[in-house]
Number of protein chains: 2
Amino acid sequence: MGVQKTIKALSDPIRREILELLKAGRLPAGEISNHFPVSGAAISKHLSILREADLIRDTREGKYIYYELNTSVLEEVMLWISGLKGEKHD
Amino acid sequence: MGVQKTIKALSDPIRREILELLKAGRLPAGEISNHFPVSGAAISKHLSILREADLIRDTREGKYIYYELNTSVLEEVMLWISGLKGEKHD
DNA sequence: CTTTCATTTAACCTTTTGGTTAAATATAGT
DNA sequence: ACTATATTTAACCAAAAGGTTAAATGAAAG
């Protein structure tokens with residue numbers, strides 16, 4: 001919980017790319033992995049960091065584990081940034 | 001340049017606290033340093049990372065170096081996040 | 001021009017991060 | 001039960017991050 005875990009998760013470029021991939025829709029881990037020049041194990045760790053931060057959710061379906069984006073936790077980050085900018089929000 | 005450097009700079013809690021401090025107005029390095037339980041050298045390094053990311057600007061005034069917040073680069077981060085959330089923006 | 005104060009830089013150390021390969025786990029198909 | 005496929009976990013490693021203390025720099029004051 002908290003903005004710390006969220007921003008930390010966002011601070012790696014591969015993890016941000018994963019989120020961008022998932023913007024288009026849910027994907028199994030293997031599909032995600034294919035998009036990057038690192039091992040499946042490395043991607044699996046990135047996924048678990050994103051999941052810990054609740055930026056993604058996973059559901060097993062047979063052999064595959066599908067990942068999908070969860071943007072709700074980004075709200076907190078937006079608010080923190082807005083706060084810095086001295087913006088009013090309702 | 002780029003959202004990467006900005007988010008990386010934001011990913012440390014001390015650096016975020018520094019930005020929050022500066023929200024209230026410009027402060028010399030020493031004043032900033034006083035708020036944290038780490039050495040001045042450590043704070044100096046944090047300041048240089050924030051400066052590299054253009055999240056703060058510094059101006060020397062006599063013996064002191066004043067730091068002030070620059071929120072303009074946060075716009076890009078907001079846009080990136082909004083993009084993930086699939087939001088329309090003008 | 002030397003001393004003092006504010007700050008940064010250098011050298012160093014420990015922990016964290018992100019990667020690898022190999023082994024483990026889970027499910028499906030034969 | 002065995003085999004193949006998808007994914008994670010374990011063990012390990014190199015590089016990056018964040019901290020420390022000590023030395024260097026810059027400006028002001030004696």
Side-chain angles (χ1 to χ4, degrees), chain A residues 1-22 24-70 77, chain B residues 1-22 24-70 77:
Chain A
M1 329 275 190
V3 96
Q4 173 60 31
K5 197 172 269 181
T6 312
I7 296 187
K8 206 77 190 309
L10 293 177
S11 76
D12 179 87
I14 290 190
R15 287 196 291 268
R16 282 203 312 284
E17 273 195 69
I18 290 174
L19 297 179
E20 277 168 359
L21 267 180
L22 293 177
R26 63 209 298 271
L27 287 175
E31 278 293 306
I32 297 172
S33 189
N34 287 338
H35 288 77
F36 301 95
V38 295
S39 70
I43 295 300
S44 182
K45 283 207 275 183
H46 282 305
L47 290 172
S48 88
I49 287 166
L50 290 169
R51 185 180 30 207
E52 269 278 311
D54 200 27
L55 279 161
I56 57 177
R57 305 259 169 82
D58 63 326
T59 49
R60 172 144 233 152
E61 255 163 59
K63 255 197 321 191
Y64 303 91
I65 298 178
Y66 281 87
Y67 283 93
E68 67 187 323
L69 190 55
N70 171 41
V77 178
Chain B
M1 336 263 192
V3 95
Q4 173 61 30
K5 198 173 268 182
T6 312
I7 297 188
K8 205 77 191 309
L10 293 177
S11 77
D12 180 87
I14 288 190
R15 288 195 291 268
R16 283 203 313 284
E17 274 195 69
I18 290 174
L19 297 179
E20 278 168 359
L21 267 179
L22 294 177
R26 63 209 297 272
L27 286 175
E31 279 292 306
I32 297 172
S33 188
N34 288 338
H35 287 78
F36 301 95
V38 295
S39 70
I43 295 300
S44 183
K45 283 206 277 183
H46 282 305
L47 289 171
S48 89
I49 288 166
L50 289 169
R51 185 181 29 205
E52 269 278 311
D54 200 29
L55 279 160
I56 57 177
R57 305 261 169 79
D58 63 326
T59 50
R60 172 145 232 150
E61 256 163 61
K63 258 201 311 196
Y64 304 90
I65 299 177
Y66 281 86
Y67 283 94
E68 67 185 324
L69 190 54
N70 171 40
V77 178

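Hydrogens, waters and symmetry mates are skipped; everything else that's a heavy atom, side chains included, is used. The sequence lines fix the lettering, A, B, ..., with proteins before strands; numbering per chain opens at 1.
For DNA chain C, the outermost nucleotides in 5' to 3' order that have an atom under 4.0 Å from a heavy atom of chain B are C:dC5 to C:dT9.
In this structure, CD1 of A:Ile65 is placed 12 Å from C1' of D:dT5, rounded to the nearest angstrom. The interatomic distance linking A:Lys63 (NZ) with D:dA4 (P) rounds to 12 Å, in whole Å. As rounded to whole Å, 16 Å separates atom P of D:dA6 from atom CZ of A:Arg26. In this structure, B:Arg16 atom CZ and D:dA17 atom P are separated by 16 Å, rounded to whole Å.
B:Ile14 comes within contact range of the sugar-phosphate backbone alone, with a heavy-atom separation under 4.0 Å but no base atom that close. Residue-level contact check: B:Ala29 touches the backbone only, with heavy atoms under 4.0 Å from sugar-phosphate atoms and none from bases.
Proximity note for A:Lys45 (side chain, C-beta onward) versus D:dA11, D:dT20, D:dA17: the nearest is D:dA11. For B:Ala41, taking side-chain heavy atoms from C-beta onward, the closest of the listed nucleotides D:dG19, D:dT7, D:dT20 is D:dT20.
Contacts with DNA chain C (heavy atom under 4.0 Å) in residues 32-39 of chain A: A:Val38, A:Ser39, listed by number. DNA chain C is contacted by A:Arg60 of residues 48-60 of chain A, taking any non-hydrogen atom closer than 4.0 Å.
With sequence neighbours excluded, the residues satisfying side chain to side chain contact (heavy atoms under 4.5 Å, CB included) with A:Lys5 are A:Glu52, A:Ala53. Residues passing the side chain to side chain contact (heavy atoms under 4.5 Å, CB included) test with A:Lys8 are A:Gln4, B:Ser11, sequence neighbours excluded.
When the side-chain nitrogen and oxygen atoms of A:Tyr67 are compared with OP1 and OP2 of D:dT8, one or more of them lie within a distance under 4.0 Å.
When the nearest nucleotides of DNA chain D are assigned to A:Pro28 and B:Gly40 by heavy-atom distance, the more 5′-ward of the two goes with A:Pro28. When each of A:Ile43 and A:Lys8 is assigned the nucleotide of DNA chain D bearing its nearest heavy atom, the one mapping closer to the 5' terminus is A:Ile43.
Remark: the backbone N or O of B:Leu10 is paired with a side-chain donor or acceptor of B:Arg16 at under 3.5 angstrom.
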Side-chain atoms of residues 30-44 of chain A: list all donor-acceptor pairs with protein atoms under 3.5 Å, sequence neighbours left out, distances to 0.1 Å.
from, atom 1, to, atom 2, distance (Å)
A:Asn34, ND2, A:Gly30, O, 3.4
A:His35, ND1, A:Glu31, O, 2.8
A:Ser39, OG, A:Ala42, N, 3.1

